[in-house]
Every structure is written in C-alpha cells, then in structure tokens.
Amino acid sequence: MELCIRAAEMKDYESVEAIMQEVHQMHVAWRPDIYRNTDVVFERAYYEELVKAHQLWVAEQADDVVGLLNFQYRHITSNKQVTRTTIFVDDFVVKEGYRGQGIGTRLLEKIKEKVRREQLDGLELQVNARNLAARSMYERFGFTEKSINMELL
C-alpha cells in the first residue's frame, strides 16, 4: 500500500491522539514513577499550534494515520557554544501493528531532507533508555549518543 507523509491537519486529531496514547502507555509501563495515565496526551490547543506551524507530520496509509513526527526548531547561541540551528524531534511514533515496515525510516528520511534543504546544523531527539527497539532503529539510521541523562532516586 502507498504511504503518504504529509503535514497534519485538524481532521487527524483523533487518530494522532490515539497513537500518542499508545506510546504514552509504554512510558507509563516503563516509568510509573514519572508518567501517569491521562485522558489527553496532546491537548487540542497544542495540536492546533503544531498544525498551524507545520511542525507535525503524519504518515498515512489507506486513509489511516499510522505514524507521526512532531518537531521544533532550536536555535542555540551563547558565548560558550558555537551558534547552531537544529531540528529537535519531540514525538516520533509508529502505530503498533505497523512497526518494522519502514514507516519510521520514511518519516526520518523526510525530516533529514528538511535539515539538508534548510542547511541546518543537525537533527536531534531524545529516547527513553528502556526503549531498546527505538534506540536500535536510531542507531541504524546513523544517530549517535550526544549526552546521557542520569538520575538518583
């Protein structure tokens, strides 16, 4: 089936929210000390901001939203760092049952092309340390560790 990657529209809200609930439940299972169940992951107003800014893409197959990628521009400037503008991927999810079919790779290729086209300085994201499947996919795609968050409980 043909996969279409496009900017999200308001009509996609329910499908996107369902996918976000799916991934949020994974985080709740991994870290119930941090994450809690919630009725809404993406508030409608926040979703609308992303749609208007064209910073949320969906992967659609046979009129079904099967993945999404939400990104932000980050401009870093200080007297102790090189000035850089990057894209940071806030949310990146492929719907359960569609994983392992190349949908995530297509979404990453599209955002990587945007970074190249706009001549930005990089593409960054954060991944839960317990999400081994995602970490493995990012490494296969060419991502490397930039920093490691640590905690003391």
Side-chain angles (χ1 to χ4, degrees), residues 1-76 84-146 149:
M1 287 186 192
E2 186 72 24
L3 181 71
C4 171
I5 298 174
R6 60 173 175 77
E9 301 171 11
M10 288 307 296
K11 70 179 178 110
D12 301 316
Y13 176 75
E14 298 299 329
S15 297
V16 167
E17 177 61 19
I19 294 171
M20 290 304 297
Q21 280 288 345
E22 190 178 286
V23 76
H24 184 72
Q25 288 306 307
M26 289 176 10
H27 287 97
V28 170
W30 288 325
R31 292 300 306 264
D33 58 317
I34 296 174
Y35 298 98
R36 62 180 166 179
N37 288 315
T38 181
D39 291 335
V40 178
V41 177
F42 265 12
E43 296 288 341
R44 190 174 288 274
Y46 175 66
Y47 180 84
E48 190 170 354
E49 287 175 22
L50 292 174
V51 168
K52 286 180 181 175
H54 304 285
Q55 292 179 321
L56 177 62
W57 295 343
V58 295
E60 184 179 57
Q61 193 172 62
D63 294 324
D64 187 19
V65 174
V66 297
L68 64 94
L69 189 144
N70 162 24
F71 64 94
Q72 307 295 322
Y73 287 91
R74 287 196 174 165
H75 183 71
I76 301 108
R84 304 177 69 229
T85 301
T86 63
I87 283 182
F88 184 85
V89 175
D90 275 337
D91 299 292
F92 174 57
V93 187
V94 173
K95 190 175 178 179
E96 192 172 358
Y98 291 88
R99 296 178 190 145
Q101 298 178 26
I103 295 166
T105 299
R106 292 271 307 276
L107 281 161
L108 286 174
E109 285 291 347
K110 184 168 177 73
I111 197 72
K112 186 176 166 184
E113 177 54 35
K114 182 175 185 63
V115 169
R116 265 194 304 266
R117 188 176 58 253
E118 295 181 15
Q119 299 181 331
L120 302 175
D121 298 301
L123 177 61
E124 300 178 358
L125 53 79
Q126 192 171 5
V127 61
N128 187 302
R130 295 181 183 182
N131 193 341
L132 301 179
R135 288 179 68 180
S136 176
M137 182 192 66
Y138 297 142
E139 289 168 358
R140 284 192 312 273
F141 196 79
F143 283 89
T144 59
E145 285 183 7
K146 175 184 170 185
N149 292 338

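- A heavy-atom distance below 4.5 Å is not found between the side chains of V93 and M26.
- Residues passing the side-chain hydrogen bond (donor to acceptor under 3.5 Å, both in side chains) test with D91, sequence neighbours excluded: N70.
- The OG1 atom of T86 sits 11.0 Å away from the CD atom of Q72 when rounded to the nearest 0.5 Å.
- Listed by first and then second residue, the salt bridge (charged side-chain N to carboxylate O under 4.0 Å, His left out) pairs involving residues 117-133 are R84-E124, K114-E118, E124-K146 (not counting sequence neighbours).
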Would you please test K110 and E113 for salt bridge (charged side-chain N to carboxylate O under 4.0 Å, His left out) and show each step? CA-CA 5 Å; K110 184 168 177 73; E113 177 54 35; over 6 Å; no
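- Here the closest non-hydrogen pair linking A134 and V127 is CB-CG2, 3.9 Å.
- In this structure, R36 has no side-chain contact (heavy atoms from CB on, under 4.5 Å) partners at least two apart in sequence or on a different chain.
- Of the options L69, L107, V65, I5, a side chain to side chain contact (heavy atoms under 4.5 Å, CB included) to V58 is made by V65 and by none of the others.
- Here the CH2 atom belonging to W57 is positioned 13.0 Å from the CG atom belonging to L50, to the nearest 0.5 angstrom.
- Residues meeting the side-chain contact (heavy atoms from CB on, under 4.5 Å) test with H75, sequence neighbours left out: T77, T83, T85.
- Looking at I87 and Y73, their side chains come closer than 4.5 Å, going by heavy atoms from C-beta outward.
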Using distance only, find each side-chain donor-acceptor pair of residues 135-145 under 3.5 Å and give its atom names and separation, not counting sequence neighbours.
unit_1, atom_1, unit_2, atom_2, d
R135, NH1, A129, O, 3.3
S136, OG, R140, NH1, 2.8

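- Applying the side-chain hydrogen bond (donor to acceptor under 3.5 Å, both in side chains) test to E2 and every residue at least two apart in sequence or in another chain returns nothing.
- Looking at residues two or more places apart in sequence or on another chain, you find a side-chain contact (heavy atoms from CB on, under 4.5 Å) between D64 and V66, K95, Y98.
- In Q119, the CD atom is not crowded: 12 or fewer heavy atoms of neighbouring residues, nucleotides or ligands sit closer than 6.0 Å.
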If you apply the rule side-chain contact (heavy atoms from CB on, under 4.5 Å), what do you find for F92 with I111, and how did you get there? CA-CA 11 Å; F92 174 57; I111 197 72; over 6 Å; no
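- Residues that satisfy the side-chain contact (heavy atoms from CB on, under 4.5 Å) test with N37, not counting sequence neighbours, are Q25, V28.
- Here the side chains of R106 and I103 are not in contact, with every heavy-atom distance at 4.5 Å or above.
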Evaluate side-chain contact (heavy atoms from CB on, under 4.5 Å) for W30 paired with Y35, printing each intermediate quantity in order. CA-CA 9 Å; W30 288 325; Y35 298 98; over 6 Å; no
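- Remark: K52 pairs with E48 by the side-chain hydrogen bond (donor to acceptor under 3.5 Å, both in side chains) rule, at least two apart or across chains.
- Listed by first and then second residue, the salt bridge (charged side-chain N to carboxylate O under 4.0 Å, His left out) pairs involving residues 16-26 are E22-R99 (not counting sequence neighbours).
- Judged by distance alone, the side chain of E96 and the main-chain N or O of V23 form no donor-acceptor pair under 3.5 Å.
- For F88, there are no ring-ring contact (aromatic ring centres under 6.0 Å, His included) partners, not counting sequence neighbours.
- Closest approach of Q21 to D39, counting heavy atoms only: NE2-O, 3.0 Å.
- Annotation: the span from L56 atom CG to H54 atom NE2 amounts to 11.5 Å, rounded to 0.5 Å.
- Taken from CG in N128 to NE2 in H27, the straight-line distance is 4.5 Å, to the nearest 0.5 Å.
- Sorted by first then second residue, the salt bridge (charged side-chain N to carboxylate O under 4.0 Å, His left out) pairs that include residues 66-76, not counting sequence neighbours, number zero.
- Note: Y47 and F42 have tilted aromatic rings, judged against thresholds of 30 and 60 degrees for the angle between ring planes.
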